[in-house]
Amino acid sequence: MLFTDLRHRLGRLGRQRRPTNAPADRLILPERRNGAAGAAPMISGNRAPRPSVGRLHTRTDSMTNLAHPDRLAKIEAMRAEGVDPYPARGVDATPIADLLARVGTPDEPGPAIGTTVTIAGRMLGLRDFGKLIFSPILDRTGRLQIGIKKDQMADWWPRRKWLDGGDLVGATGELAFTQKGEPTIWVTELQLLSKSVAAPPEKWHGLTDVEARYRRRYVDLWASEGVSEVFIKRSRAMSLTRRFLEDQGYLEVETPTLHPIAGGAAARPFITHHNALDADLYLRIAPELYLKRLIVGGMERVFEVSRNFRNEGLSTRHNPEFTMLELYEAQADYRRMMEIVEGLFELLATELNGTTDITFRGGDYSMKAPFQKLRYTDLFREHAGCEFDDETAVRAKAKELKLNHESDDYWKLMSDVFDETVEPHLSGPIFVTHYPVQISPLAKADPADPRLTERFEVFVACMELGNAFSELNDPAEQERRFEEQVASKDPESPGEVDVDYVQALEYGMPPTGGLGIGMDRLVMLLTGQDSIRDVLLFPAMRKLPTDQEETDETVAAGAASEGGA
RNA sequence: GGGCGCGUAGCUCAGUCGGUAGAGCAACUGGCUUUUAACCAGUAGGUCCUAGGUUCGACCCCUAGCGCGCUCACCA
């Protein structure tokens with residue numbers, strides 16, 4: 001019975017091939033690998049089953065098979081001499097960038113040269129000259145070399161073999177230039193802050209295996225060039241965005257992530273269950289309907305940086321969870337939202353890159369306002385070759401484009417034709433305005449043409465970055481459109497009318513402009529990253545099966561095939 | 001989900017006609033006091049993704065599966 005329920009649930013969740021999310025009351029075997037890899041080599045010829053090695057592609061790495069035996073042995077040696085490889089306290093260190101800003105050049109030394117300083121960070125490698133060791137140290141701000149000389153560190157010298165590339169250290173000494181002009185701290189005191197027992201990636205190539213980079217971002221961040229810079233820029237973009245809006249009187253708010261009705265966008269939701277309420281809940285696909293309730297509540301200018309969840313495919317532009325900025329402003333309309341987009345894009349490009357010119361996927365784009373504006377209907381006519389509401393012609397075009405006709409919903413088909421014919425031309429930045437009302441259920445109709453809405457989407461590099469409109473605030477009209485959606489039986493439509501939202505509108509929502517921006521994609525543009533995964537610290541990845549799960553699945557697969565279907 | 005590609009030492013990669021594996025870096029040992037992918041000499045390290053099959057013999061050929069990337073579909 002339970003199994004049937006589970007299958008039912010999974011079916012609704014979409015294309016899941018196996019119940020990886022099944023309640024896992026299976027055993028976890030923590031001691032399984034202990035002592036395996038670090039132990040003496042296997043007796044040759046021994047046919048006993050061997051524990052699996054730490055192979056990223058098929059196994060979850062446990063500590064003991066990632067840890068290097070030599071490094072573990074060093075830890076034992078240290079402890080035997082009373083040295084703690086994982087001391088409780090760090091050191092009071094100066095950010096490396098601060099020092100580098102004050103070193104000057106060998107010909108004109110800066111004020112930091114000749115002073116005694118302390119840095120802390122990761123030793124990226126060791127260059128051992130016998131009686132002299134160089135090692136670059138990396139902290140969050142930059143990289144600076146330390147030099148350790150035998151005659152200067154005589155007492156410590158016998159312990160130098162305890163150090164390995166990847167170790168975290170604190171180093172104190174005088175800052176000076178070497179003969180080759182490299183700023184260097186000549187160490188007088190070196191403290192191990194944490195022993196790295198896992199061997200770091202190859203020093204020249206770094207981590208290039210894309211899967212490994214995503215799964216072990218904590219390595220990628222210091223082992224791969226430019227990675228941490230991307231995420232620093234991302235953080236600054238979020239911070240600048242908040243300040244940009246707050247300076248205009250906006251209030252940042254937080255609305256629910258667990259929704260009783262998945263509304264505010266057309267997307268397949270994730271479903272979860274609240275035990276005490278005994279109710280299914282949806283992970284939010286958009287914060288829109290809650291934010292507009294706050295406009296009804298009189299907050300007038302609100303924004304939320306919201307994590308949204310959509311149970312759909314993954315690609316270089318799609319991750320199951322993504323970050324969207326949504327904002328709503330009373331007394332504003334879609335034109336005001338254009339100003340915000342232009343102002344924000346220009347600000348971020350300038351602040352992060354020092355220029356409004358950006359290069360992305362081999363193309364050059366200017367974030368200088370104002371952006372181009374073209375009407376949806378005109379673009380449709382130009383690229384699809386017919387009027388958007390000429391059903392016969394549009395259906396013929398769809399057939400010509402070999403678009404699937406699974407849905408008999410004309411407006412969905414028309415939208416597909418637009419995507420197919422127009423989007424490839426939207427190098428942008430460009431505002432596409434006045435979308436048809438049938439594909440804009442939350443937007444206010446254009447007073448000049450009720451077939452259209454006061455809505456735009458903003459595109460750069462043929463990629464949709466934002467969506468905005470003058471918000472529909474007529475409760476009767478909103479209810480009618482909701483009912484249309486529900487009646488459509490589209491799997492991406494909400495299953496029921498959000499009555500509470502309609503009631504909110506019944507109290508009266510002022511004329512309001514609303515805007516949503518896909519922040520991950522915006523950061524892609526601003527940092528020149530081709531894939532959304534490169535701007536997400538931890539992009540969605542398939543769970544690596546443990547040995548136990550693999551066994552379970554084999555058994556389950558066998559049972560399933562025996563049971564027939 | 002479809003198509004294409006990939007999976008070999010900790011990392012980056014070679015691998016001849018099918019004859020049970022190599023290099024560089026990392027590690028270890030020795031040498032070296034201004035290097036910066038340090039260098040020189042030596043040592044050790046492999047379920048060649050998994051499971052079947054063909055074969056006297058499979059990293060190599062076949063089948064199925066797993067994982068990842070790209071791409072298409074869906075979407076933002």
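By convention in this document, chain letters (A, B, ...) are assigned in the order of the sequence lines, proteins followed by strands, and residues within each chain are numbered from 1. Quick caveat: nothing in here was measured; it's all calculated off a predicted structure. Only heavy atoms go into these numbers, but all of them, side chains included; no hydrogens, no water, no symmetry mates.
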Chemist: Testing the 3.5 Å rule here: is there a donor-acceptor pair between the side chains of A:Ser306 and A:Asn308?
Modeler: yes

Chemist: Of the listed nucleotides (B:G69, B:U71, B:U34), which one gets closest to any side-chain atom of A:Leu132?
Modeler: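 Looking only at side-chain atoms, A:Leu132 lies closest to B:U34.
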
Chemist: At 4.0 Å (heavy atoms only), tell me whether A:Trp157 reaches a base, stays on the sugar-phosphate, or touches nothing.
Modeler: nothing

Chemist: Determine all donor-acceptor pairs shorter than 3.5 Å in which one atom belongs to a side chain in residues 418-429 of chain A; sequence neighbours excluded.
Modeler:
from: A:Thr421; atom 1: OG1; to: A:Val417; atom 2: O; distance (Å): 2.7
from: A:His425; atom 1: NE2; to: A:His383; atom 2: ND1; distance (Å): 3.3
from: A:His425; atom 1: NE2; to: A:Thr421; atom 2: O; distance (Å): 3.4

Chemist: Which residues pass the side-chain hydrogen bond (donor to acceptor under 3.5 Å, both in side chains) test with A:Thr184, not counting sequence neighbours?
Modeler: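 side-chain hydrogen bond (donor to acceptor under 3.5 Å, both in side chains) check on A:Thr184 returns A:Gln145.
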
Chemist: What is the nucleic acid contact for A:Ser135, judged by heavy atoms within less than 4.0 Å: base, sugar-phosphate only, or nothing?
Modeler: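 Here A:Ser135 touches no strand at all.
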
Chemist: Select base, sugar-phosphate, or nothing to describe what A:Ala223 touches, counting heavy atoms under 4.0 Å on all strands.
Modeler: nothing

Chemist: Over how many whole Å does the gap from A:Arg268 atom CZ to B:A76 atom P extend?
Modeler: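 So the CZ-P distance, A:Arg268 to B:A76, works out to 12 Å.
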
Chemist: Return the value, rounded to whole Å, for the distance between atom NZ of A:Lys150 and atom C1' of B:U35.
Modeler: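 Answer to the nearest Å: 19 Å.
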
Chemist: Identify, between A:Ala266 and A:Thr316, the residue whose nearest nucleotide on RNA chain B lies closer to the 5' end.
Modeler: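 Nearer the 5' end of the strand: A:Thr316.
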
Chemist: How would nucleotides 36-43 of chain B be written as a contact map, 5' to 3', with B for base contact, S for sugar-phosphate-only contact and - for no contact, using protein heavy atoms under 4.0 Å?
Modeler: BBB-----

Chemist: Show every side chain to side chain donor-acceptor pair (under 3.5 Å) that has at least one partner inside residues 148-157 of chain A, sequence neighbours left out.
Modeler: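 Sorted pair list comes back empty.
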
Chemist: Taking distance alone, no hydrogens or angles, what donor-acceptor pairs closer than 3.5 Å link side-chain atoms of residues 458-465 of chain A to residues at least two apart or in another chain?
Modeler:
none

Chemist: Could you check how far CD1 of A:Ile148 sits from C1' of B:U35, rounded to whole Å?
Modeler: 13 Å

Chemist: What distance, rounded to whole Å, do you find between the two P atoms, one in B:A26 and one in B:A38?
Modeler: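 Comparing P positions in B:A26 and B:A38 gives a spacing of 7 Å.
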
Chemist: Let me know the distance between CG of A:Asp416 and C1' of B:A73, rounded to the nearest Å.
Modeler: 10 Å

Chemist: Would A:Arg455 count as a cation-pi partner of A:Tyr435, with NZ or CZ less than 6.0 Å from the six-membered ring centre and within 45° of the ring normal?
Modeler: yes

Chemist: Name all residues meeting the side-chain hydrogen bond (donor to acceptor under 3.5 Å, both in side chains) criterion together with A:Ser224; count only those two or more places apart in sequence or in a different chain, and write none if there are none.
Modeler: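 Checked A:Ser224 against side-chain hydrogen bond (donor to acceptor under 3.5 Å, both in side chains); matches are A:Asp220.
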
Chemist: In whole Å, what is the span from the CG atom of A:Leu426 to the P atom of B:A76?
Modeler: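 One finds 15 Å between P of B:A76 and CG of A:Leu426, rounded.
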
Chemist: Hey, what are the protein-to-nucleotides 28-30 of chain B N/O distances that come in under 3.5 Å?
Modeler:
from: B:C28; atom 1: OP1; to: A:Lys74; atom 2: NZ; distance (Å): 2.6

Chemist: Which whole-number value in Å describes the distance from A:Arg533 CZ to B:A76 C1'?
Modeler: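 Answer to the nearest Å: 15 Å.
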
Chemist: Need one value for A:Asp151: base, sugar-phosphate or nothing, where a base atom within 4.0 Å counts as base even if backbone is also close, heavy atoms only.
Modeler: base

Chemist: For B:G18 and B:C60, measure between their C1' atoms and round to the nearest Å.
Modeler: 6 Å

Chemist: Tell me if a side-chain donor or acceptor on A:Ser135 pairs with a main-chain N or O of A:Ile146 at a distance below 3.5 Å.
Modeler: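 No.
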
Chemist: When you get a sec, tell me which of B:A76, B:U35, B:G69 is the closest nucleotide to the side chain of A:Tyr214?
Modeler: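 So the nucleotide nearest the side chain must be B:G69.
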
Chemist: Whole angstroms only, please: what is the CZ-P distance between A:Arg160 and B:C32?
Modeler: 10 Å

Chemist: I need the CG-P distance between A:Leu314 and B:G1, as an integer number of Å.
Modeler: 12 Å

Chemist: Can you pull the salt bridge (charged side-chain N to carboxylate O under 4.0 Å, His left out) pairs that have at least one residue in residues 313-327 of chain A, sequence neighbours excluded?
Modeler: A:Arg307-A:Glu321

Chemist: For A:Asn319, answer base if it contacts any base atom (sugar-phosphate contacts may also be present), sugar-phosphate if it contacts only those atoms, and nothing otherwise; contact means non-hydrogen atoms under 4.0 Å.
Modeler: base

Chemist: Mind checking what makes ring pair (Phe, Tyr, Trp, His ring centres under 6.0 Å) contact with A:Tyr328, not counting sequence neighbours?
Modeler: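 For A:Tyr328, no residue satisfies ring pair (Phe, Tyr, Trp, His ring centres under 6.0 Å) once neighbours in sequence are set aside.
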
